[in-house]
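Basis for what follows: all heavy atoms, side chains included, without hydrogens, waters or symmetry-related copies. All chains are named by letter (A, B, ...) in the order of the sequence lines, taking the proteins before the strands, and each is independently numbered beginning at 1.
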Amino acid sequence: MIARKILVTAALPYANGPIHIGHLVEYIQTDIWVRFQKLRGQRCIFICADDTHGTAIMIRARAEGRSEEALIADMQAAHELDFAKFDIQFDNYGSTNSPENYKLCGEFWSALRQAGLVAQRDVSQLYDPVAGTFLADRFVKGTCPICKSLDQYGDNCDKCGSTYSPADLIDPISTLSGAKPEVRSSPHLFVELEKLHDFLEQWTQSGQHLQAEVANYLKGHFLGEPLRDWDISRPAPYFGFEIPDAPGHFWYVWFDAPIGYIASTAQWCQRQGEKLEDWWKNPDTEVHHFIGKDITYFHTLFWPGMLKTAGFNLPTMVHIHGFLTVGGAKMSKSKGTFIKAETYARHLDPAFLRYYFASKLGPKLDDLDLNLTEFIDKINADLVGKVVNLASRTARFARATGLAAEYPEDGGLFAQGAAAGEAIAEAYVSCDYAKAMRLIIELADRANPYVENAQPRSLAKDPARSADVQTVCTVALNLFRQIAIYLAPVLPRLAQQCGQLLNDPILHWQQSQAPLLGTAVNEFQHMLQRVKKEDVEAMIEESKDQTAAGNTTAGSTTGTTGGTTASTAALEAAGDGQWQDSGDALVAEPLTETCTIDDFTKIDLRVARIITAEHVPEARKLLKLTVSLGGDVRRTVFAGIKAAYEPEKLVGRLVVIVANLAPRQMKFGLSEGMVTAAGPGGEEVFLLSVDSGAKPGQRVH
RNA sequence: GGGCCGUUAGCUCAGUUGGUUAGAGCAGAGGACUCAUAAUCCUUUGGUCGUAGGUUCAAGUCCUACACGGCCUACCA
């Protein structure tokens, strides 16, 4: 058999936050696939890197008073350490901030230029004169130009949903410095993706490279109309690569991030004495990308377009997975389900998570739920009770004799297991790990009754029957070994331990097809500890302590999406030791521009009592409140607090409202004010209260 | 509102091109064993396969509608 050349990537984690268990779904999924391919004898390499560029990194480095390079070096070291703990084994782990990547970006760039796909036009963008930087959309807030809502981000309005340019915002402020941004026009470079429309249509709809639902999604959402030009340059200052033929302009982080896959491969080639062309410009090489559904767009439209234009291999397959939920809900810092990789590894065996994810992962892009009770049960029942137990209940008796020289009659168990190998392999290949695990555990379910019936315990008592003991142990340990081989992609350490126990390392899938005979058996050592409920609880508790609030989507990675807000060391160090308040909130929403007392008095804050509160059935976030300002002055106010408060519990309660806010016509009625609250939104909304004694209608000074 | 996916035993899920009394694991109940990490083994309870129609000799499996849930997208504070 000629080995296939398979190049596999997982999305590049952004250098702005630690690895958490949501990320790990992807890296574990990918690592299993790679280990499987290697075990089957394919030439398979696993390539990844840190994604390091962009405004967010620049801002954070600035806040921490150090260089971007120092920041990303620290983050990369932390990421690699976390991955190693989970046995995620990259062939090369690079960085998008590498000379190789710069060179390749140039290559892609020339190709795009030559193909006539680059257009230039001016973009008016807001500029922060204090921070001395152009402002990415999310670093500008102001009043929505469409619906006049206050405090909206620069790219789209949370309230009316309209999208616009940050330059259109009314009364914008920079969230970096609080300064009033100026509109500055600057030339930007665009990739005219529409010119590749036909190619992308054909490539995405071929039925070969994408999961069917993904192809449908693209067809419905993007390919049905002209593809928009893609703005891939950013004016200085920007942490990234300067565009060679456009001094003062930098490639947008999403331009150089996927090219990082190739750059990281180049580093591997350098080390291995291989040629990059053999891996990226070779029709015989398969390229497989594993990504989360949040970055589908980039990997299925832009990226193939770029590869096609620059003459690199197109992805053979883009494997897209869903998000992780914990206990059926999004990971939540306040609930302690936002679990960092590092925290998990301090409390529990990473192998457990690998097995659990494997047992839940299918080829679809459904979200995957980590149910902690199920987690405990599954690990203890499957891995400890069924699999490892096979070895632990027999290895001891086999020490004296070793394995028999001939494989005994076992009622066809080993042959059955060998025959199941191809079905298991197919399940791995198609990323249906759940099915693979099911099939494997079935083998263990058949093996244990064999041991039970064979009664090695009573045989062992009779010295005259040592041959029979050897027979039984030879069967049981071979069945165990067969299972360990099948599980090796998921549980590499177990495979290694099995190899040690039986003096024969597990190196190839094919070893599952013939029993191991005539070797010595070493002393049995515990292979896996059971999961203890207390350890899981301790992990959750510790995760709770870390930061204040905020639900975060347990998404995947690469680039500018899905990153968690970074806390800054500086702010945390300055925090009051007694309360341990995190600096995250301030980082997420920095202080605004200084205002005068006159500015403040323009806003008329009043104490009000909630008289009625009801759900607005059609609205997802809104409650309709009637508040009293005393006497018979009533106001109707819509408040976006549905996720955080039950209407019944609000009635009678005193709140603080903005009483002179211009009324606003909303879909569900006229809103005549605004209820004040703190928090990032969603379930994390906290209404302002006043101390007892205050009366409706009183002004807040 | 649009799109996609799902709805099978208390829980997690299998159910192949429609074909006999719908399966597994876990949990529950009873028993056995004590070699093993209180592991294992045997027996057993439990399902009008979301609802309503339809196609068919035959439907968990195909079609239609509806309900519920999830995700995406839009709308919407």
Side-chain angles (χ1 to χ4, degrees), chain A residues 144 147 149-152 156-163 211-222 224 293-294 296-297 322-323 325 328-330 356 359-360 362 364-367 369 371 373-398 423 432 434-435 437-439 441-442 444-445 447-461 469 472-473 476 524-532 553 616 618-625 637-643 664 666-668 671 674-675 677 681-682 685:
Chain A
C144 169
C147 74
S149 302
L150 296 171
D151 203 33
Q152 294 306 312
N156 66 70
C157 176
D158 228 5
K159 319 241 172 190
C160 72
S162 40
T163 54
Q211 288 130 300
E213 15 345 356
V214 177
N216 285 341
Y217 161 77
L218 294 174
K219 195 185 177 86
H221 284 89
F222 298 104
K293 63 184 180 184
D294 52 333
T296 298
Y297 184 51
F323 293 151
T325 55
K330 280 184 179 177
Y356 183 83
S359 76
K360 302 287 271 189
K364 301 267 185 86
L365 41 74
D366 301 328
D367 287 354
D369 188 51
N371 177 303
T373 310
E374 189 194 348
F375 173 81
I376 296 170
D377 290 347
K378 207 181 250 297
I379 299 304
N380 289 342
D382 292 357
L383 293 186
V384 179
K386 292 177 181 175
V387 176
V388 172
N389 191 39
L390 274 175
S392 73
R393 66 193 304 198
T394 53
R396 199 166 71 111
F397 301 118
D432 197 348
K435 183 174 186 182
M437 296 308 106
R438 242 184 358 254
L439 293 172
I441 296 302
E442 270 177 26
D445 277 334
N448 273 305
Y450 168 86
V451 179
E452 190 73 16
N453 295 332
Q455 304 203 2
R457 59 188 174 280
S458 32
L459 297 177
K461 285 176 190 157
V469 174
V472 174
C473 292
F524 179 78
Q525 293 177 339
H526 276 200
M527 294 177 171
L528 291 170
Q529 298 296 319
R530 325 191 93 234
V531 189
K532 292 200 292 279
T553 300
V616 184
E618 316 89 273
R620 214 189 291 163
K621 300 178 183 175
L622 294 181
L623 292 184
K624 181 180 182 181
L625 308 178
V637 176
F638 289 89
I641 57 174
K642 185 171 184 161
R664 180 160 164 264
M666 294 165 48
K667 184 173 173 185
F668 313 110
S671 188
M674 178 170 138
V675 176
V685 172

Once each nucleotide of nucleotides 35-41 of chain B is scored for protein heavy atoms under 4.0 Å, what B/S/- sequence comes out, 5' to 3'?
BBB-SBS
Give the B/S/- string for nucleotides 5-16 of chain B, one per nucleotide from 5' to 3', where a protein heavy atom under 4.0 Å of the base yields B, of only the sugar-phosphate yields S, and otherwise -.
SS-----SSS--
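Residues in residues 382-391 of chain A take part in these side chain to side chain donor-acceptor pair (under 3.5 Å) pairs, two or more places apart or across chains: A:Y355-A:D382, A:K386-A:D445, A:N389-A:S392.
Rounded to a whole angstrom, the distance from the P atom of B:rG1 to that of B:rA65 is 15 Å. The P atoms of B:rU21 and B:rU34 are separated by 43 Å, rounded to the nearest whole Å.
Pair check for B:rC49 finds none; no Watson-Crick or G-U wobble contact set falls under 3.5 Å. In this structure B:rG1 sits in a base pair with B:rU73, meeting the Watson-Crick or G-U test at under 3.5 Å. When Watson-Crick and G-U wobble pairs are counted only if both distances are under 3.5 Å, B:rC68 pairs with B:rG6. In this structure B:rU34 sits in no base pair that meets the Watson-Crick or G-U test at under 3.5 Å. Pairing for B:rG18 is absent, with no Watson-Crick or G-U wobble pair whose two atom distances lie under 3.5 Å.
The backbone N or O of A:F323 sits less than 3.5 Å from a side-chain atom of A:D367, completing a donor-acceptor pair. Listed for the A:Y356 side chain is a donor-acceptor partner under 3.5 Å among the backbone atoms of A:N371.
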Take A:V469 and A:T394 through the test side chain to side chain contact (heavy atoms under 4.5 Å, CB included) and record every step on the way to the result.
CA-CA 9 Å; A:V469 174; A:T394 53; over 6 Å; no
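The 12-atom threshold is exceeded at NZ of A:K360, counting heavy atoms of other residues, nucleotides or ligands nearer than 6.0 Å.
Pairing each heavy atom of A:A329 with each of A:D369, the nearest pair is N-OD1, 4.4 Å. When all heavy atoms of A:A476 and A:V451 are compared, the closest pair comes out as CB-CG2, 3.8 Å. Looking at every heavy atom in both residues, A:V384 comes nearest to A:R530 through CG1-NE, 4.0 Å.
Residue A:D377 contributes atom CG, which lies 10 Å from atom P of B:rC26 at whole-angstrom precision. Between the CG atom of A:L383 and the P atom of B:rC26 there is a distance of 13 Å, given to the nearest Å.
Each of A:D382 and A:L365 lies near RNA chain B, and the nucleotide nearest A:D382 is the one positioned closer to the 5' end.
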